[in-house]
Structures are given as C-alpha cells and as structure tokens.
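Notes to accompany the following structure.
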Protein chains: 2
Amino acid sequence: MYMLYSKSSEYVVRALVYLAMKDNADFIMVKEISEHTEIPQPFLSKIFQDISRAKWITSKKGKNGGVKLAVNPAKLKLLDVISYFDGMQDYSRCMFGHKECGVSSKCALHNKCSDLKNEIYDFLNSTTIADFTSIWKKENKVSLKELKIF
Amino acid sequence: MYMLYSKSSEYVVRALVYLAMKDNADFIMVKEISEHTEIPQPFLSKIFQDISRAKWITSKKGKNGGVKLAVNPAKLKLLDVISYFDGMQDYSRCMFGHKECGVSSKCALHNKCSDLKNEIYDFLNSTTIADFTSIWKKENKVSLKELKIF
DNA sequence: ATAGTTTCAGATAAAAAGGTCTTAATATCT
DNA sequence: AGATATTAAGACCTTTTTATCTGAAACTAT
C-alpha cells in the first residue's frame with residue numbers, strides 16, 4: 001500500500017502522547033501504556049526498544065522500572081516519528097514522473113496534487129506530540145485507544 | 001500501513017489510462033499493456049479479471065483477443081477505483097475517535113486534519129481516468145511506467 | 001546477598017500484500 | 001476440424017508487516 005504511515009507509526013504516536021501526559025518524573029511500565037493505548041504489549045516493547053535507540057525515551061529495568069520520555073514532546077514532530085519508522089517519502093515527486101517538472105508541463109491535475117502533498121507535508125512537519133497531548137489533557141481522557149493521526 | 005491506495009489501485013489506474021488512450025475499437029492484449037505500464041503481466045491479468053467482473057472492461061479470449069474499456073473513462077473516478085480495491089475508508093472520522101465530534105470539542109488540530117481529509121476526498125472524487133488520459137495525450141507519451149496517483 | 005520485578009534482545013510465528021505459474025477454456029484463422 | 005493465440009481461474013510462492021514468545025540481564029527493595 002502507498003502509505004501515509006504504518007501501524008508502528010500510529011502506535012508510537014499514541015504511546016508517546018501517553019508518556020507526554022505524565023509528569024515525566026517516574027518511569028512508566030510498558031504494561032500500563034499498553035493497557036491505555038490498546039497496543040499489544042510485546043509489540044509495544046519492541047517499538048520502545050526501537051525508539052530507545054533513537055534516544056526518544058530512556059528505559060530502566062527492574063522494579064520501578066519502565067520507560068520515560070527523553071526529549072521534549074514539543075520538539076517531536078509527526079514527520080520525524082513517521083519517517084523514522086516508514087522512511088521518508090518523496091513529497092515533491094511529480095505525479096507524471098517528470099524529473100524536471102517545468103512550468104510548461106504543469107497542469108491543473110499536477111498542481112492540485114502537489115498542493116495536496118505539500119499540505120500533508122506541512123501538517124506532519126508542524127504537528128508535534130505535544131499538540132496532541134495538550135488536547136487530550138483538556139479532554140481529561142485517559143485512554144488513547146481511538147487516537148489516529150488521520 | 002495506513003494507506004491512501006494499494007499497488008493494485010495504482011496499477012489499475014495506469015492500465016485504465018492506457019486503455020483510454022486507445023480508440024477503443026480493438027481489443028488490446030494484456031501483454032502490450034503490461035509492457036507499456038511496467039506492470040507484471042500475470043498480476044495485471046489478475047487485476048483485469050477483477051475489473052472485468054466490475055464491468056469496467058470487456059475481454060475476449062483467443063486470437064485478436066484482449067481487453068477493452070466498457071465504460072466512459074470520464075465517469076471512472078479515482079475514488080471508485082481505489083475504493084473498489086482497497087475498500088472505502090472513513091474520510092470523516094474524527095482523529096480523536098469522538099463519535100459525535102461537536103463544535104465544543106473541535107480544535108485546530110482536528111480542523112486542520114479534517115480539512116486535509118476532505119481535500120483528499122474531493123481530489124479523488126473529482127479526478128477521473130479521462131483527466132489523466134488527456135494530459136498524457138498532450139505530452140505524446142506512450143509509456144505509463146512513471147504514473148502515480150500521488 | 002537474594003528474591004522479585006521489569007525491560008532487553010533476538011528468534012519465531014502469523015497475517016497481509018504483492019507477485020508468479022499452470023492448466024483450462026474459448027475464440028479465430030486457415 | 002485442427003492449430004494457434006489469448007484470456008480465465010485458481011493455486012501457489014515471496015516479501016513485508018504485524019505480532020508473539022522466551023530466556024536472559026538488570027535493577028530495587030528487603
């Protein structure tokens with residue numbers, strides 16, 4: 001499928017939003033996050049291993065262990081998250097495959113489409129984990145099961 | 001992956017555009033279409049079987065056989081093609097999962113996102129196979145290898 | 001130190017998507 | 001009628017994505 005983002009990306013956004021809602025003093029157990037986000041726990045563990053390598057979180061083993069945000073969620077853009085898991089896609093590609101898509105060959109269809117792609121790019125590039133978190137806090141919700149980027 | 005469309009959808013658009021460029025008097029061999037669109041022939045056959053059930057094309061076996069458009073390409077919307085293969089997705093779903101997404105709970109993020117989804121929907125709903133074809137004719141191209149919806 | 005808890009790491013399994021192959025059926029031409 | 005060309009149909013294979021399992025390592029509290 002030509003994708004906007006994968007399941008992993010969606011999951012990790014939910015997980016990061018949940019973490020960002022906490023005061024970030026304690027480590028949060030993966031199990032707890034799994035329950036509130038409805039992400040299968042083993043899968044979530046693996047995702048955390050992944051983003052722990054990327055230094056977005058730190059983790060602690062043993063009693064009172066868990067995971068904790070290591071970066072400012074206001075600096076974590078959706079684009080970063082998605083491209084980390086799914087790779088960066090080409091938001092500027094011409095739909096007709098022209099290498100040099102000059103003015104002469106531009107048409108309404110092309111323009112419409114590249115505008116759309118720019119908008120998607122801008123949205124992903126300007127929206128952060130913190131943006132989601134602040135809304136969720138306002139709503140006083142705990143569960144993030146339903147959260148979807150699009 | 002959360003998709004905009006699958007490979008099948010992309011392929012079938014290319015194939016339909018190719019067919020729509022022909023005068024539609026003769027049946028066109030799947031092999032010929034496969035070569036000009038760079039779609040693996042066995043896969044393309046399968047896709048044609050599919051859309052032949054949907055009555056978008058007719059096919060003829062045997063010598064001088066092949067496939068032929070059975071509908072007006074100006075009436076074939078991208079949305080139809082994509083939803084036929086990938087199913088209709090929910091373009092109006094609230095990103096926070098609210099069943100009743102009332103004004104009070106709407107936020108900038110929600111609005112931005114639903115605007116985007118609407119635009120995508122409108123694009124897919126207003127663009128037809130014929131739109132692609134007319135541009136391709138203008139460009140005097142034969143090969144459709146590079147064509148991509150987005 | 002030891003027991004208990006919890007992540008880490010990697011192997012493995014299941015599901016979905018994408019792609020190929022083979023045989024049968026059907027049409028056309030001679 | 002027979003030979004040939006071409007799609008139909010469905011089984012099968014491959015790759016990618018998603019999900020699970022297991023044994024160890026590490027930390028804490030007692």
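Here is the naming used below: chain letters follow the sequence lines, and residue numbers restart at 1 for every chain. All values below come from the heavy atoms of this structure, side chains included, with hydrogens, waters and symmetry mates left out. Bear in mind that the values here come from a model prediction, so they are computed numbers and not experimental data.
Atoms NZ (Lys61(A)) and C1' (dG23(D)) sit 12 Å apart, rounded to a whole Å. Lys31(A) places its NZ atom 11 Å from the C1' atom of dT6(C), with the value rounded to the nearest Å. The CD-P distance, from Gln41(B) to dT22(C), rounds to 14 Å in whole Å. The distance from atom CD of Glu10(A) to atom C1' of dA19(D) is 15 Å, rounded to the nearest whole Å. Atom NZ of Lys60(A) is separated from atom C1' of dA26(D) by 11 Å (rounded to the nearest Å). Between Glu32(A) atom CD and dT5(C) atom P the separation is 17 Å, expressed in whole Å. The distance from atom CZ of Arg14(B) to atom P of dG18(C) is 13 Å, rounded to the nearest whole Å. When rounded to the nearest whole Å, the span between CG of Asp26(A) and P of dC27(D) equals 18 Å.
Exactly one of Leu79(A), Asp80(A), Ile82(A) qualifies for a side chain to side chain contact (heavy atoms under 4.5 Å, CB included) with Met88(A). That residue is Leu79(A).
Distances shown here put every side-chain N or O of Asn64(A) at or beyond 4.0 Å from the OP1 or OP2 atom of dT5(C). Within the 4.0 Å cut-off from OP1 or OP2 of dG18(C), not a single side-chain nitrogen or oxygen of Tyr11(B) is found.
Counting any heavy atom pair closer than 4.0 Å across all strands shown, Pro42(B) reaches a base atom. The residue Val30(A) sits close only to the backbone: its heavy atoms come under 4.0 Å of sugar-phosphate atoms, none of a base.
Proximity of Phe150(A) to Leu124(A): side-chain heavy atoms (C-beta onward) are separated by under 4.5 Å at one or more points. With a 4.5 Å cut-off on side-chain heavy atoms, Tyr18(A) and Ile28(A) count as touching.
Ring pair Trp136(A)/Phe96(B) is tilted by interplanar angle, where 30° to 60° counts as tilted.
Relative to the side chain of Ser59(B), the nucleotides dC29(C), dG18(C), dA8(D) differ in distance, and dA8(D) lies closest. Considering only side-chain atoms of Phe43(A), the nucleotide from dT28(C), dA19(D), dT28(D) that sits closest is dA19(D).
Scanning residues 45-55 of chain A for heavy-atom distances under 4.0 Å to DNA chain D yields Lys46(A).
For the pair Thr58(B) and Pro40(A), nearest-nucleotide mapping onto DNA chain D gives the more 5' position to Thr58(B). Mapping Leu44(A) and Gly62(A) onto DNA chain D by nearest heavy atom places Leu44(A) at the nucleotide closer to the 5' end.
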Check your understanding: Going through the distances and angles, do Asp90(A) and Ser92(A) end up as a side chain to side chain donor-acceptor pair (under 3.5 Å)?
Key -> CA-CA 5 Å; Asp90(A) 190 354; Ser92(A) 62; 3.0 Å; yes
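Atom CD1 of Ile57(A) and atom CD of Gln49(A) lie 9.5 Å apart (nearest 0.5 Å). Between atom CG of residue Asp86(B) and atom OG of residue Ser8(B) there is a gap of 7.0 Å, rounded to the nearest 0.5 Å.
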